[in-house]
Amino acid sequence: MPELPDVEVARRHLKRWLVGATVTAARCGDAYLARPGPVSRFARTFVGRSVAGVARKGKWLRLELEDGGKVFSHHGMTGDWVRLPVDAGPARFERARIDVARGGKAWSVRYVDARRFGRLVATSDDIDEWTELGPDPLADGIDVPRLSRLFAQSRRSVKEILMDQRVLAGVGNILANEALWIARLDPRSTGEALLAKDARAIARGLQAAIRKELGEGTAYRSSGESRFHVYGRGGKPCPRCGHELTSTTLGGRSTVHCPRCQIRR
DNA sequence: CGGCATGTTGCGCA
DNA sequence: TTGCGCAACATGCC
């Protein structure tokens, strides 16, 4: 669930479920997720207040309380928010819950996270992880000249640059692989070797990949059909030219590209 | 059993 | 100071 489009979907859900509602009970049962704060701060921040808004930057969510309290949520690899009746037992892998009431109705929102790489940080100030994020491609758009400049300054691979959260917030391994396929660029290309038109193609590729993910979401696909062009499809034919897709590793992350139609700079 | 996983951080080293 | 490679984090699933 973890890249920008998934987190944006979660934000829209949380906005519907929480904004304008008053929190009647809250609990985080996992000190590891609440780090560096004590788990008790999660409940203390929520209970008795109403939720004013839900913001997102990259892969981070910020739940905003009426009194200025905030809870930052990151999904890690396997986190997500789900809605359940208040009296429902814990969901599978449930790590925290927020019970709310609005207009005489009551329900519960649960944070589930199998692997527990996520975060649930309650504070009244923005955390560094949030402050240090670069612009969000969906909310802020992509500043192509700035991207071009950042590429020119770096000898790292273009894929690693894109996944740097200070460059663009929310681009993860899937989006980076997909966007570079759409832009027809080899992920191993060095930033400094890219041309101005490449930055434009990458910006368009990212926007297209984000829109595709947002649009499809959980839409039905026939079994065996991948929702991605290249991610997770190493060894299979390129959907554009039919050549076998190559799997490599960049920055320790699985990388897939088409050696025929993705150009190496 | 082994291998892999959508993310981030911290450590050792150049 | 900066950047890079890699292990670690805790766990599920194929």
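Just so it is clear: chains get the letters A, B, ... in the order the sequence lines come, proteins before strands, and each one is counted from 1. What you are looking at is a predicted structure, and each value in this text was computed from that prediction instead of being measured.
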Exercise. Tell me: CG of A/Asp128 to C1' of B/dT8, nearest whole Å?
Worked result: 14 Å

Can you give me the N/O atom pairs linking the protein to nucleotides 8-14 of chain C at distances under 3.5 Å, or say none if there are none?
unit_1: C/dA10; atom_1: O3'; unit_2: A/Arg116; atom_2: NH1; d: 2.7
unit_1: C/dA10; atom_1: N1; unit_2: A/Arg115; atom_2: NE; d: 3.1
unit_1: C/dA10; atom_1: N1; unit_2: A/Arg115; atom_2: NH2; d: 2.9
unit_1: C/dT11; atom_1: OP1; unit_2: A/Arg116; atom_2: NH1; d: 2.7
unit_1: C/dC13; atom_1: OP1; unit_2: A/Arg92; atom_2: NH1; d: 3.2
unit_1: C/dC13; atom_1: OP2; unit_2: A/Arg92; atom_2: NH2; d: 3.4

For this session: Write down the distance separating the P atoms in C/dC13 and B/dT8, rounded off to the nearest Å.
Result: 22 Å

Problem set entry | Rounded distance in Å - CZ (A/Phe72) to P (B/dT8) | 15 Å

For this session: Write down the distance between CD (A/Gln153) and P (C/dT2), rounded to a whole number of angstrom.
Result: 12 Å

Problem set entry | Any side-chain heavy-atom pair of A/Pro2 and A/Lys59 under 4.5 Å | no

Restricting to nitrogen or oxygen on both sides, can you table the protein-nucleotides 9-13 of chain B pairs closer than 3.5 Å?
none

Problem set entry | A/Arg83 and A/His13, any side-chain heavy atoms less than 4.5 Å apart | no

For this session: Starting from C1' on B/dT8, measure out to NE2 on A/His75 and report it in whole angstrom.
Result: 15 Å

Exercise. If you check every side-chain atom of A/Arg156, which of C/dG3, B/dT6, B/dT8 has the closest atom?
Worked result: C/dG3

For this session: State whether A/Arg253 and A/Glu160 are salt-bridged, where the test is any N-O pair (Lys NZ or Arg NE/NH1/NH2 against Asp/Glu carboxylate O) under 4.0 Å.
Result: no

Seminar exercise, completed: Nearest heavy-atom contact between A/Arg115 and A/Thr78 is N-OG1, 2.8 Å

Problem set entry | Cluster link A/Met163 to A/Ile174, ILVMFWY, side chain under 4.5 Å | no

Exercise. With the threshold set at 4.0 Å, does a side-chain nitrogen-carboxylate oxygen contact exist between A/Glu178 and A/Lys212?
Worked result: no

For this session: Ignoring the backbone of A/Arg253, work out which of C/dG5, B/dA5, B/dG7 is nearest its side chain.
Result: B/dG7

For this session: With P as the reference atom in both, quote the distance from B/dC4 to C/dC6 in angstrom, rounded to an integer.
Result: 15 Å

For this session: Would you kindly say whether A/Arg240 and A/His229 are connected by a side-chain donor-acceptor distance under 3.5 Å?
Result: no

Exercise. Picking from A/Leu194, A/Asp198, A/Thr190, A/Val167, what satisfies side chain to side chain contact (heavy atoms under 4.5 Å, CB included) with A/Phe151?
Worked result: A/Leu194

Exercise. Can you find a pair of side-chain heavy atoms, one from A/Pro5 and one from A/Leu175, that are under 4.5 Å apart?
Worked result: yes

Problem set entry | Pairs touching residues 42-58 of chain A that satisfy salt bridge (charged side-chain N to carboxylate O under 4.0 Å, His left out), sequence neighbours left out | A/Glu8-A/Arg56, A/Arg49-A/Asp67, A/Arg56-A/Asp136

For this session: Please report, rounded to the nearest Å, how far the C1' atom of C/dT2 is from the CZ atom of A/Arg155.
Result: 11 Å

Problem set entry | Heavy-atom side-chain proximity of A/Leu147 to A/Leu168 below 4.5 angstrom | yes

Exercise. Taking OP1 and OP2 of B/dC4, is either one under 4.0 Å from a side-chain nitrogen or oxygen of A/Ser254?
Worked result: no

Problem set entry | For DNA chain C, the dot-bracket pattern of Watson-Crick and G-U pairs whose distances stay under 3.5 Å, | for other-strand partners | .||||||||.||||

Problem set entry | Value in whole Å for how far the P atom of B/dT6 lies from CZ of A/Arg233 | 16 Å

Listed pairs under 3.5 Å, donor-acceptor, residues 17-26 of chain A side chains, sequence neighbours left out:
unit_1: A/Thr24; atom_1: OG1; unit_2: A/Asp99; atom_2: O; d: 3.1

Exercise. Taking C-beta and beyond as the side chain, do A/Leu65 and A/Val51 meet within less than 4.5 Å on heavy atoms?
Worked result: yes

Problem set entry | N or O in side chain of A/Lys59 less than 4.0 angstrom from B/dG7 OP1/OP2 | yes

For this session: Under 4.0 Å from any atom of DNA chain B, heavy atoms only: list the residues of residues 166-177 of chain A that qualify, in numerical order.
Result: A/Gly172, A/Asn173, A/Ile174

Problem set entry | Integer-rounded Å distance: B/dT6 P and A/Glu213 CD | 14 Å

Problem set entry | Side chains of A/Arg119 and A/Trp60 in contact at under 4.5 Å (non-hydrogen atoms) | yes

Exercise. Once you round it to whole Å, what is the distance between P of B/dG7 and NE2 of A/His74?
Worked result: 8 Å

